[in-house]
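Worksheet for the structure shown next.
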Amino acid sequence: MEATIPSNPESVHTASMATSDDAGGLDTLILQSRLTRSAQRLLEAMGVRIEPVSWDRIAGPAVYRLACEQRRPVLYWLPPEASEMLMEDLRREEDDPRTPEWAHDLLRRQRAGTLLDMDDGIEFGDDGIDAGLVLHDLLRHPGA
């Protein structure tokens, strides 16, 4: 499925995480070049839909629309197979300067043997890991 953004000649707005109390679910745009594979994997596990955007009557940047019914999607546990794929992605992205701190933290915990539970899944604790944390560094990094 592909999202279509109609042209609006009057103004251009930057999409960001919804923060107001009356806002609906998560609905944001992110440059395709900023979304890492590990971030995509976590967001999809949270139930976030990631759709390429096509622009209507204008030439726009290559972006994804991230959408979810929940305003702040949270992940508490990642199953073993998905955990293994996430760790492979993180190891590949480790030296990339765009790699966010949460990714380095997961790698440190994995190397210390404190990340995986007894089923080889990843427990994110009582608070979980939310979409805002996953996207924070990706959205603010100046060089994508």
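In this text the structure is predicted, and so the values were computed from the model without any measurement.
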Could you check if a side-chain atom of [X] sits within less than 4.5 angstrom of a side-chain atom of [Y], using non-hydrogen atoms only?
{"X": "Leu26", "Y": "Pro73", "answer": "yes"}
{"X": "Ile50", "Y": "Gln40", "answer": "yes"}
{"X": "Phe124", "Y": "Leu133", "answer": "no"}

For this session: First locate atom CG of Leu35, then atom CG of Leu135, and finally report the distance between them rounded to the nearest 0.5 Å.
Result: 7.5 Å
Exercise. Can you tell me how far the CG atom of Leu29 sits from the CD atom of Glu51, to the nearest 0.5 Å?
Worked result: 10.5 Å
Can you give the donor-acceptor pairs under 3.5 Å from side chains of residues 81-88 to other protein atoms, not counting sequence neighbours?
| unit_1 | atom_1 | unit_2 | atom_2 | d |
| --- | --- | --- | --- | --- |
| Ser83 | OG | Leu78 | O | 2.9 |
| Ser83 | OG | Pro79 | O | 2.9 |
| Ser83 | OG | Ile122 | N | 3.2 |

Exercise. When clusters are formed from ILVMFWY side-chain contacts under 4.5 Å, directly or step by step, what else is grouped with Val74?
Worked result: Tyr76
State which residues pass side-chain contact (heavy atoms from CB on, under 4.5 Å) with [X]; sequence neighbours excluded, sorted by chain then number.
{"X": "Arg108", "result": "Glu101, His104, Asp105"}
{"X": "Asp117", "result": "Trp77, Asp119, Glu123"}
{"X": "Asp96", "result": "Arg98, Thr99"}

For this session: Step by step, work out the side-chain contact (heavy atoms from CB on, under 4.5 Å) result for Asp89 and Arg41.
Result: CA-CA 9 Å; Asp89 292 338; Arg41 190 174 303 283; 2.7 Å; yes
Problem set entry | Test log, rule side-chain contact (heavy atoms from CB on, under 4.5 Å), inputs Ile30 and Val63 | CA-CA 5 Å; Ile30 185 170; Val63 296; over 6 Å; no
Problem set entry | Derivation and outcome, side-chain contact (heavy atoms from CB on, under 4.5 Å), residues Tyr64 and Leu43 | CA-CA 12 Å; Tyr64 288 120; Leu43 292 167; over 6 Å; no
Problem set entry | CD/Gln32: more than 12 non-hydrogen atoms of other groups inside 6.0 Å | yes
Seminar exercise, completed: Heavy atoms of Gln70 and Met46 approach each other most closely as OE1-O, 4.2 Å
Exercise. Looking only at heavy atoms, what is the nearest atom pair of Trp102 and Ile129, with distance?
Worked result: CE3-CD1, 4.4 Å
Exercise. Is the backbone N or O of Arg37 less than 3.5 Å from a side-chain atom of Glu93, with the two atoms forming a donor-acceptor pair by type?
Worked result: yes
Problem set entry | Those residues that, when tested against Arg109, pass salt bridge (charged side-chain N to carboxylate O under 4.0 Å, His left out) (two or more places apart) | none
For this session: Given side-chain contact (heavy atoms from CB on, under 4.5 Å), test Asp27 with Leu66 step by step and report yes or no.
Result: CA-CA 6 Å; Asp27 194 4; Leu66 282 59; over 6 Å; no
